[in-house]
Amino acid sequence: MTLLKSSRDTLLTVASLAFLAAYALPILVVDLAPGIRLLCDVAMIVTWAAFALDYGERLVRAREKWPFVRANLFELVALLLPLLRPLRLVVVLAALSRSMAGSFRGRVGAYVVGGTALLVFCAALAVLDAERANPDANITGFGDALWWGVTTVTTVGYGDRYPTTAEGRLIAFGLMLGGVALLGVVTASLASWFVERVAAAQEDGAKHTSDEIHRLTAQIADLNRRLAEQAGAASAQKDAPAESARASLSTSDLRSG
């Protein structure tokens with residue numbers, strides 16, 4: 001089961017990267033050849049079908065259907081509304097995040113850096129795709145979109161680049177939430193790391209104290225044993241003259257008799 005899950009996660013990761021490349025190429029290269037554009041569309045359809053099958057298989061295996069749907073609501077909406085092209089990247093991010101899970105806290109640095117870069121890149125592509133056709137748009141190139149993504153995810157928001165379409169503003173809203181969530185992940189992970197360090201130090205201190213108590217207890221027991229032995233020897237030495245005197249008296253009495 002574990003091997004099967006690992007293979008499926010690997011396939012979904014490859015499919016996610018293929019979908020991302022097929023989605024990005026027509027946006028970044030405006031004068032793309034029709035044949036390559038068609039190939040990108042076919043690749044997106046195939047990978048989209050793989051995402052839909054994965055979602056359906058996980059829904060069938062879920063014991064509680066409605067909690068599963070609520071937990072993966074954005075992914076479901078993105079699957080059911082394929083006309084909203086930027087929203088498709090939600091399932092790409094979901095598939096990649098599942099494959100990156102693992103020991104999260106141990107790889108928090110790589111996870112946050114990689115997740116932030118991927119989120120900004122996908123949001124820049126999506127907002128450029130949404131804004132480019134609008135005559136009032138001020139995000140008309142990938143450089144502008146990338147700059148807007150960086151300033152938005154860091155919650156700086158200079159305001160020199162901003163979306164003007166409803167679809168672009170929806171993407172901006174999602175990116176803002178992603179930036180806040182990533183900041184929360186970093187804060188929670190650092191707090192967890194500090195708590196673990198303090199707990200480990202306290203555990204080491206308690207172990208050292210316990211070892212010291214056992215050592216002192218053993219020393220006290222050894223001292224008591226030695227004192228008892230010395231007291232016994234002293235008592236034997238003290239009783240020896242009296243026994244000798246009694247023995248002498250007994251001998252004298254026998255001779256007198």
Side-chain angles (χ1 to χ4, degrees), residues 1-14 16 54 57-58 61-68 70-72 93-119 153-155 177-257:
M1 182 64 70
T2 303
L3 181 60
L4 181 62
K5 183 180 183 302
S6 177
S7 301
R8 185 182 64 186
D9 290 342
T10 302
L11 290 175
L12 284 176
T13 301
V14 173
S16 301
D54 172 68
E57 191 266 341
R58 287 187 290 123
R61 285 193 298 107
R63 294 182 178 178
E64 300 290 337
K65 308 300 182 185
W66 282 115
F68 175 85
R70 287 195 298 268
N72 299 273
L93 293 172
L96 288 175
S97 64
R98 287 200 307 273
S99 65
M100 291 175 64
S103 57
F104 174 73
R105 206 164 47 236
R107 299 183 299 172
V108 64
Y111 183 89
V112 170
V113 171
T116 304
L118 183 63
L119 181 63
V153 78
T154 55
T155 67
L177 291 181
V180 173
L182 286 170
L183 181 61
V185 166
V186 174
T187 303
S189 300
L190 287 176
S192 177
W193 182 81
F194 280 122
V195 169
E196 283 187 353
R197 295 301 96 192
V198 171
Q202 290 178 345
E203 185 178 350
D204 291 341
K207 184 177 182 304
H208 177 73
T209 303
S210 177
D211 293 342
E212 193 69 18
I213 290 174
H214 286 306
R215 186 179 65 82
L216 292 174
T217 302
Q219 289 182 352
I220 293 172
D222 184 60
L223 288 175
N224 287 334
R225 181 180 58 80
R226 292 183 181 182
L227 288 174
E229 290 177 354
Q230 291 178 358
S235 177
Q237 291 177 359
K238 183 178 180 181
D239 293 340
E243 291 292 337
S244 177
R246 283 196 294 269
S248 299
L249 288 174
S250 300
T251 303
S252 299
D253 294 339
L254 289 172
R255 288 177 180 177
S256 324

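From a predicted model like this one, the values you see are computed outputs, not experimental measurements.
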Would you say Asp222's side chain and Ala218's backbone share a donor-acceptor pair under 3.5 angstrom?
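No; judged by distance alone, with no hydrogens or angles, the pair does not exist.
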I'd like to check the side-chain hydrogen bond (donor to acceptor under 3.5 Å, both in side chains) partners of Glu64; sequence neighbours left out, ordered by chain and number.
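With sequence neighbours excluded, Glu64 shows a side-chain hydrogen bond (donor to acceptor under 3.5 Å, both in side chains) to no residue whatsoever.
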Hey, is CZ on Arg226 packed in by over 12 heavy atoms from elsewhere, all under 6.0 Å?
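No, CZ of Arg226 has 12 or fewer neighbouring heavy atoms, counting only those of other groups under 6.0 Å.
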Rounded distance (nearest 0.5 Å) linking atom CG of Leu227 with atom CD1 of Ile220:
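The CD1 atom of Ile220 is 11.5 Å from CG of Leu227, to the nearest 0.5 Å.
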